[in-house]
Trainee: 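To start, I am sharing the structure in question, which I have written as structure tokens.
Worth knowing before you read on, the calculation uses all heavy atoms, side chains too, and leaves out hydrogens, waters and symmetry mates.
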Amino acid sequence: MAFRRSKRLYGCCTCMNKWLKLLVSLLLPLMVGFTASNFTETGEGSWYRSIQKPEWNPPNWVFAPVWTLLYVLMGIALYLVWKLNPSRQRNFAMGFWAGQMVLNFLWSFIFFRQEEIGWAQVEITALWLSIFFTILAFAKISKLSAWLLVPYISWVSFAAILNFAIWQLNK
């Protein structure tokens, strides 16, 4: 009887552990995005409003919902990898994920706070490469987690082209 109770309790803890991992996996990228958004001033009188942008630049209201969706997808992808049995390969993939999140945060800081469009171009290239290697690492252990990052690398590809166009227009 005691064995049966402890097994049930362990099963419950395992379930709770999965829910906690899911919550942390979702909160991490959302917190990074929220923190980075504090640097993203695009309103009246902002530096961003004063620079030249290509005519195909999306309206400002598009960015928040797109990034929110992408951060949720990043979180789910992380969770799918994190819930797997611990292994060197899993930890390596999660390390890539963490690295690309740092680069994700830094782009907003460099572009908006430092107003360094050229350096932001260098940084977004490093971000793109980091996402690419994260996708490769995730694909080895969870195909779904890798596919969940495809919209992210697609959007960052567009953002890199946009960053380059803005850089060229404001040299």
Side-chain angles (χ1 to χ4, degrees), residues 17-40 42 48 53-112 116-169:
N17 192 18
K18 286 182 181 181
W19 282 108
L20 184 59
K21 283 181 178 179
L22 177 60
L23 181 65
V24 170
S25 296
L26 289 170
L27 285 177
L28 279 173
L30 289 168
M31 287 177 9
V32 167
F34 176 75
T35 305
S37 74
N38 290 318
F39 302 123
T40 310
T42 59
Y48 185 73
K53 293 174 278 308
E55 51 189 57
W56 46 270
N57 189 75
N60 290 341
W61 64 266
V62 168
F63 292 93
V66 167
W67 276 111
T68 301
L69 174 62
L70 293 174
Y71 286 129
V72 168
L73 293 175
M74 284 182 242
I76 295 168
L78 173 63
Y79 169 72
L80 292 173
V81 169
W82 192 9
K83 74 176 187 157
L84 298 172
N85 290 330
S87 69
R88 187 173 172 178
Q89 197 171 25
R90 184 200 76 165
N91 295 343
F92 185 73
M94 289 175 64
F96 265 116
W97 186 92
Q100 64 81 26
M101 285 307 303
V102 170
L103 291 171
N104 180 295
F105 171 81
L106 287 174
W107 182 86
S108 294
F109 180 79
I110 294 167
F111 187 90
F112 287 102
E116 292 286 350
I117 305 169
W119 283 112
Q121 186 64 44
V122 171
E123 199 283 343
I124 203 167
T125 302
L127 172 59
W128 191 94
L129 288 168
S130 182
I131 298 166
F132 178 75
F133 288 119
T134 302
I135 290 171
L136 292 179
F138 275 24
K140 290 180 180 178
I141 53 179
S142 169
K143 299 278 189 242
L144 179 57
S145 67
W147 279 108
L148 287 170
L149 296 178
V150 170
Y152 176 36
I153 199 168
S154 300
W155 182 257
V156 170
S157 298
F158 170 74
I161 293 166
L162 180 59
N163 190 134
F164 184 78
I166 292 171
W167 182 35
Q168 294 304 301
L169 290 170

Trainee: For the residue pair Lys53 and Tyr48, would you count it as a cation-pi contact if the rule is NZ or CZ under 6.0 angstrom from the ring centre and within 45 degrees of the ring axis?
Mentor: yes
Trainee: Considering all heavy atoms of both residues, which atom of Phe96 and which atom of Ala137 are nearest to each other, and what is their separation?
Mentor: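 For Phe96 versus Ala137, the nearest heavy atoms are CD1-CB, 4.1 Å.
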Trainee: Would you compute the distance between atom CE of Met31 and atom CG of Leu26 and round it to the nearest 0.5 angstrom?
Mentor: 12.0 Å
Trainee: Between CG of Leu103 and OG of Ser130, what distance do you get to the nearest 0.5 Å?
Mentor: 5.0 Å
Trainee: Any chance you could measure Gln121, atom CD, to Ile110, atom CD1, to the nearest 0.5 Å?
Mentor: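 Atom-to-atom, Gln121:CD and Ile110:CD1 are 11.5 Å apart.
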Trainee: Looking at side-chain heavy atoms only, is the closest gap between Leu149 and Tyr152 below 4.5 Å?
Mentor: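 Yes. Closest side-chain heavy atoms under 4.5 Å.
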Trainee: Do Leu22 and Lys18 make a side-chain contact, defined as non-hydrogen atoms from C-beta onward lying under 4.5 Å apart?
Mentor: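 SC-SC contact between Leu22 and Lys18 ruled out.
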Trainee: Kindly compute the distance separating CD1 (Ile76) from OG (Ser145), expressed to the nearest 0.5 Å.
Mentor: 11.5 Å
Trainee: Quick one, Asn104 and Ile131 - any side-chain contact, counting heavy atoms below 4.5 Å?
Mentor: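 Side-chain contact under 4.5 Å: no.
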Trainee: Under the side-chain contact (heavy atoms from CB on, under 4.5 Å) criterion, do Val24 and Tyr79 qualify, and how do the steps go?
Mentor: CA-CA 8 Å; Val24 170; Tyr79 169 72; over 6 Å; no
Trainee: Do Ser108 and Thr35 come close enough that some side-chain heavy atom pair is under 4.5 Å?
Mentor: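 No, every pair of side-chain atoms sits at 4.5 Å or beyond.
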Trainee: Would you say the side-chain atoms of Ser157 pair up with the backbone N or O of Ile153, donor to acceptor, closer than 3.5 Å?
Mentor: yes
Trainee: Compare every heavy atom of Leu28 with every heavy atom of Leu78, then report the nearest pair and how far apart it is.
Mentor: CD2-CD1, 4.3 Å
Trainee: Within this structure, what is the CG-CH2 distance for the pair Leu30 and Trp67, rounded to the nearest 0.5 Å?
Mentor: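 It is 12.0 Å, given to the nearest 0.5 Å.
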Trainee: Mind listing the closest non-hydrogen atom pair of Val81 and Met94 along with its distance?
Mentor: CG1-CG, 3.8 Å
Trainee: Considering all heavy atoms of both residues, which atom of Phe39 and which atom of Phe112 are nearest to each other, and what is their separation?
Mentor: O-CB, 2.9 Å
Trainee: Do Trp119 and Trp167 come close enough that some side-chain heavy atom pair is under 4.5 Å?
Mentor: no
Trainee: Is there a donor-acceptor pair under 3.5 Å between the side chain of Asn91 and the backbone N or O of Pro86?
Mentor: no
Trainee: Does the side chain of Pro58 come within less than 4.5 Å of Phe158's, by heavy atoms?
Mentor: yes
Trainee: Is there a side-chain contact (heavy atoms from CB on, under 4.5 Å) between Gln100 and Phe133 once you walk through the steps?
Mentor: CA-CA 9 Å; Gln100 64 81 26; Phe133 288 119; over 6 Å; no
Trainee: Apply the test side-chain contact (heavy atoms from CB on, under 4.5 Å) to residues Phe109 and Glu116: give CA-CA distance (whole Å), side-chain angles for both, the deciding distance (0.1 Å), then the verdict.
Mentor: CA-CA 9 Å; Phe109 180 79; Glu116 292 286 350; over 6 Å; no
Trainee: Does either side chain, that of Trp82 or that of Ser25, offer a donor lying less than 3.5 Å from an acceptor on the other one?
Mentor: no
Trainee: Tell me if the CH2 atom of Trp155 is crowded by more than 12 foreign heavy atoms within 6.0 Å.
Mentor: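 Above 12, so yes.
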Trainee: Is the number of heavy atoms from other residues, nucleotides or ligands under 6.0 Å of Phe34 CZ greater than 12?
Mentor: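 Not buried by this count: 12 neighbours or fewer within 6.0 Å.
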Trainee: Would you say the side chain of Phe111 lies within less than 4.5 Å of the side chain of Glu123, judging by non-hydrogen atoms?
Mentor: no
Trainee: Mind listing the closest non-hydrogen atom pair of Arg90 and Leu84 along with its distance?
Mentor: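 For Arg90 versus Leu84, the nearest heavy atoms are NH1-O, 3.0 Å.
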Trainee: Flag the pair Met101 / Tyr71 as yes when at least one side-chain heavy-atom distance between them is below 4.5 Å, and no otherwise.
Mentor: yes
Trainee: Using the rule given for side-chain contact (heavy atoms from CB on, under 4.5 Å), can you reason through Val102 versus Phe105, listing the C-alpha separation, both sets of side-chain angles and the distance that settles it, and then say yes or no?
Mentor: CA-CA 5 Å; Val102 170; Phe105 171 81; 5.9 Å; no
Trainee: Show the nearest heavy-atom pair for residues Phe138 and Ala77, with the distance to one decimal.
Mentor: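 Scanning both residues, the minimum pair turns out to be CE2-O, 3.7 Å.
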Trainee: Quick check on Trp56: does its CH2 atom have over 12 non-hydrogen neighbours (other residues, nucleotides or ligands) under 6.0 Å away?
Mentor: yes
Trainee: I'd like to know if the side chain of Lys21 reaches the main chain of Asn17, judged simply by a donor and an acceptor atom lying under 3.5 Å from each other, with no hydrogens or angles considered.
Mentor: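 Checking the backbone N and O of Asn17 against the side chain of Lys21, no donor-acceptor pair under 3.5 Å is found.
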Trainee: How long is the span from the CZ atom in Phe63 to the CG atom in Leu70, to the nearest 0.5 Å?
Mentor: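 Output value for this atom pair is 11.5 Å.
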Trainee: Phe132 vs Trp128 aromatic rings, parallel, tilted or perpendicular, using cut-offs 30° and 60°?
Mentor: parallel
